[in-house]
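Down below is the structure, laid out as structure tokens.
A quick note: this is a predicted structure, and the numbers were derived from the prediction, not measured. To find a chain, count down the sequence lines: A is the first, B the second, and so on, and within it residues start at 1.
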There are 2 protein chains.
Amino acid sequence: MSRITLHDVALAAGVSDSTVSRALRGLDKVNPKTRIKIEEIARRQHFVLSKNASSLASGKTMRVTILFTDQLNTWFNSSSMQGAYEVLSTQGYDLVPHIAPSAASLDAYLDALLGNRNSDAIIVVSLSLNERQREILGLTTMPVIGFDSRGTEGFDATVRIDEDDAMTKALTLLQSLGHRRLGFVSMPNVPKLLFSSQLRGVAFVKVAHDLGYADEHIAHFNPGTRDDFRTLDDAASSVVASILSSPVHPSAICVETDDFAVALIYSLRRFGIRVPQDISVIGFDDYAYAPLAGLTTLHQNPVEMSRMAGRLTLGLMKGEPLPQAHVRMRASLVLRDTTAPYHRR
Amino acid sequence: MSRITLHDVALAAGVSDSTVSRALRGLDKVNPKTRIKIEEIARRQHFVLSKNASSLASGKTMRVTILFTDQLNTWFNSSSMQGAYEVLSTQGYDLVPHIAPSAASLDAYLDALLGNRNSDAIIVVSLSLNERQREILGLTTMPVIGFDSRGTEGFDATVRIDEDDAMTKALTLLQSLGHRRLGFVSMPNVPKLLFSSQLRGVAFVKVAHDLGYADEHIAHFNPGTRDDFRTLDDAASSVVASILSSPVHPSAICVETDDFAVALIYSLRRFGIRVPQDISVIGFDDYAYAPLAGLTTLHQNPVEMSRMAGRLTLGLMKGEPLPQAHVRMRASLVLRDTTAPYHRR
DNA sequence: CTGTTAGCGCATTCAA
DNA sequence: TTGAATGCGCTAACAG
């Protein structure tokens, strides 16, 4: 069966195409009676406006791109989609995921974006832009929303966690538990890509200083590049080795993400280090496994956050002035079983 | 800046629009030299074909809808997107998620789909269609692919788990461990929606019979509707009560999903029932938490499966005859810590 | 291998 | 409140 068009509906209703178009889009200035008649006929014929044709004619695509550098099936990424979907779908927008797994493919994608009318806005997840990329996006009129971004630069709006606040909560806890020597463990990184979670390490150092920790009582463990390890567990083993041989001898560590924290705890225990008796561990995210793993962590709610991002996106697309374009959300500290008071070993 | 069009590129290259179109789509019958020239200019001008305009002109939308009844941020659903994305994106297709959370909204969506040219195919996840819905989809020329569907009816292709095979593995294990009385626990269901995982209970009964278990040694626990419980944990508590008061006294149970199995184990332990000493538990899925929870389970790989679904979708859209339209994948049994030999309490 | 001609299905002027 | 005319940016015959 060939497609039913707006024109067919118009013929059946005995009105013009324009009237059908207006009626079906819910515009005013349509006689209530003719509107009802048109809607009735459209329903009977299973007629739906073609998004493509509408887009072409109106210049609005009714689509929002959500850009990842990673797989869609991670806790954080899938939650990002869910929240944004919830908000955008109510206004008829499609949410279209795209993955740019490397710096090069990101460049290519952004280049293309410039001349592109395939979406009305783009939400960039967990990733920040270098100068060249910002420059490119600056040339677009399309709103660019940073979600879980490192900063606000280059974005028309951002939603992200307040790392300083979060780290203050974590370190205040550790200090009150009597820990005098602290460590921070970074994730293995992806070459040339900048992730917001990397700011957690920066915040850690800053807050530790603020709380009176001297440099020689702070250690920062950096496993290097993701390419260096087959799995997260391998990276964790490598970090455990660094921790054990560190002159700082931390009795408590904060980890960039829960994902890596859990791997780390496994690795620590495999080496005979007890958690939390020998070393306390605080994660970041409160991802789905954290309760099961009994992980003390900084809780964030990415679905809630991405709803906010969706709302900002909507506002930007409507051209509304945003009351607050750059939103920081606060993480809350969740106490579970991987933190304990310090005691000498 | 106003949009650059194909025509602009044509002018700059001194050729006609059609030539640019052909060159940029990688069609043959374009002089290599002019192709290179066109590509060069397109790149310089950041030109990208408008998917909307292409769609309108060609009748192909280059978009595939993936339909869920549930949130995008579940282990299974997000994995489904990932696999399909991997395959479809290589051919330039966008993957557009849609959620129809209730039977009514599913009906509405399918109705709309009929007259709709907003996607070239639809992948329906974890859900089967009733007669009316199948009828509606039968009127479409669009390929309809069932992923994790209950059966093949109404679908042009399907990818799903072989439940009988999986349950045979699970029950054979339990039998060899000496368990004489078995139970199956269903998930709380969503009213009026049919899920493939419900077939696991059917397979359980069938296989139990095949293995010589009498009816009075088999119990099926059904917590009822999802609406009846605030949380999965509440539903689990309710099931634990049923298990403890069941005349069958099962010493081993299979659970429809890992998700619910983990909740159940927590609940069992809260009631003082030891797992696996007092009761063995086998889950289904091997979802991300299963290793952490030490859950013995039937392993499936939804990313791999959805890649397969993506390939079938591609074939169907090209109009190729599929060597095998209905694919069943086998689950494998993963032994962990929630199963043990039977011993009298 | 390339150019010409006609739409694809709608939204948007402008009139009426 | 409605209709007629025009074009969004591209692809698809068909010639050449």
Side-chain angles (χ1 to χ4, degrees), chain A residues 1-39 41-42 45-63 92 112 114-120 141, chain B residues 1-39 41-42 45-63 92 112 114-120 141:
Chain A
M1 48 162 257
S2 78
R3 199 196 185 320
I4 300 156
T5 71
L6 178 148
H7 186 66
D8 300 326
V9 177
L11 287 182
V15 295
S16 75
D17 293 11
S18 336
T19 305
V20 175
S21 173
R22 283 187 280 253
L24 259 27
R25 280 182 296 152
L27 299 190
D28 40 2
K29 302 197 175 176
V30 170
N31 186 313
K33 286 187 180 176
T34 68
R35 179 195 299 281
I36 290 178
K37 185 175 177 189
I38 290 170
E39 285 172 344
I41 293 175
Q45 316 220 0
H46 298 289
F47 174 74
V48 181
L49 289 173
S50 156
K51 235 173 192 166
N52 288 318
S54 302
S55 298
L56 196 55
S58 70
K60 305 180 82 269
T61 68
M62 295 308 285
R63 274 178 270 262
L114 192 57
N116 170 315
R117 275 286 75 116
N118 292 326
S119 74
D120 293 336
T141 51
Chain B
M1 44 158 259
S2 78
R3 201 197 183 318
I4 301 157
T5 72
L6 179 147
H7 187 67
D8 299 327
V9 177
L11 286 182
V15 296
S16 75
D17 292 11
S18 337
T19 304
V20 174
S21 175
R22 283 187 280 253
L24 259 28
R25 281 183 295 154
L27 300 188
D28 40 3
K29 303 194 174 179
V30 171
N31 186 313
K33 284 188 179 174
T34 69
R35 179 194 299 281
I36 290 178
K37 184 175 175 188
I38 289 170
E39 284 173 344
I41 292 175
Q45 316 220 0
H46 297 290
F47 173 76
V48 182
L49 290 172
S50 156
K51 236 173 193 167
N52 287 318
S54 302
S55 298
L56 197 55
S58 69
K60 305 178 82 272
T61 68
M62 296 310 284
R63 274 178 271 262
L114 192 57
N116 168 315
R117 276 284 78 115
N118 292 327
S119 74
D120 293 336
T141 52

Atom-pair distance (NE2 on H7(B); C1' on dT11(D)), nearest Å
16 Å
Rounded to whole Å, please give me the gap between NZ in K60(A) and P in dG9(D).
16 Å
Considering only heavy atoms from C-beta outward, does the side chain of N118(A) approach that of M62(B) to under 4.5 Å?
no
Restricting to side chain to side chain contact (heavy atoms under 4.5 Å, CB included), what partner residues turn up for A57(A), sequence neighbours left out?
none
Could you pull out all residues at least two apart from D8(B) that satisfy side chain to side chain contact (heavy atoms under 4.5 Å, CB included)?
I4(B), T5(B)
Bounded by its outermost nucleotides with an atom under 4.0 Å from a heavy atom of chain B, the footprint on DNA chain C reads dC1(C) to dG9(C)
Mind listing the residues from residues 50-59 of chain A sitting with a heavy atom below 4.0 Å of DNA chain D? Number order is fine.
L56(A), A57(A)
Only pairs at least two apart or in different chains count here, so list each salt bridge (charged side-chain N to carboxylate O under 4.0 Å, His left out) that has a residue in residues 9-24 of chain B.
none
Test of understanding: with side chain to side chain donor-acceptor pair (under 3.5 Å), list the residues that count as partners of [X], not counting sequence neighbours.
{"X": "T61(A)", "value": "D120(A)"}
{"X": "S119(A)", "value": "T65(A)"}
{"X": "S16(B)", "value": "T19(B)"}

What side-chain hydrogen bond (donor to acceptor under 3.5 Å, both in side chains) pairs are there with at least one residue in residues 23-37 of chain B, not counting sequence neighbours?
S21(B)-R25(B)
Can you pull out the residues from residues 11-29 of chain A that lie within a 4.0 Å heavy-atom distance of DNA chain C?
S18(A), S21(A), R25(A)
Taking every non-hydrogen atom, the tightest pair across F47(A) and L6(A):
CE1-N, 3.3 Å
How far does OG of S55(B) sit from CG of L56(A), to the nearest 0.5 angstrom?
9.5 Å
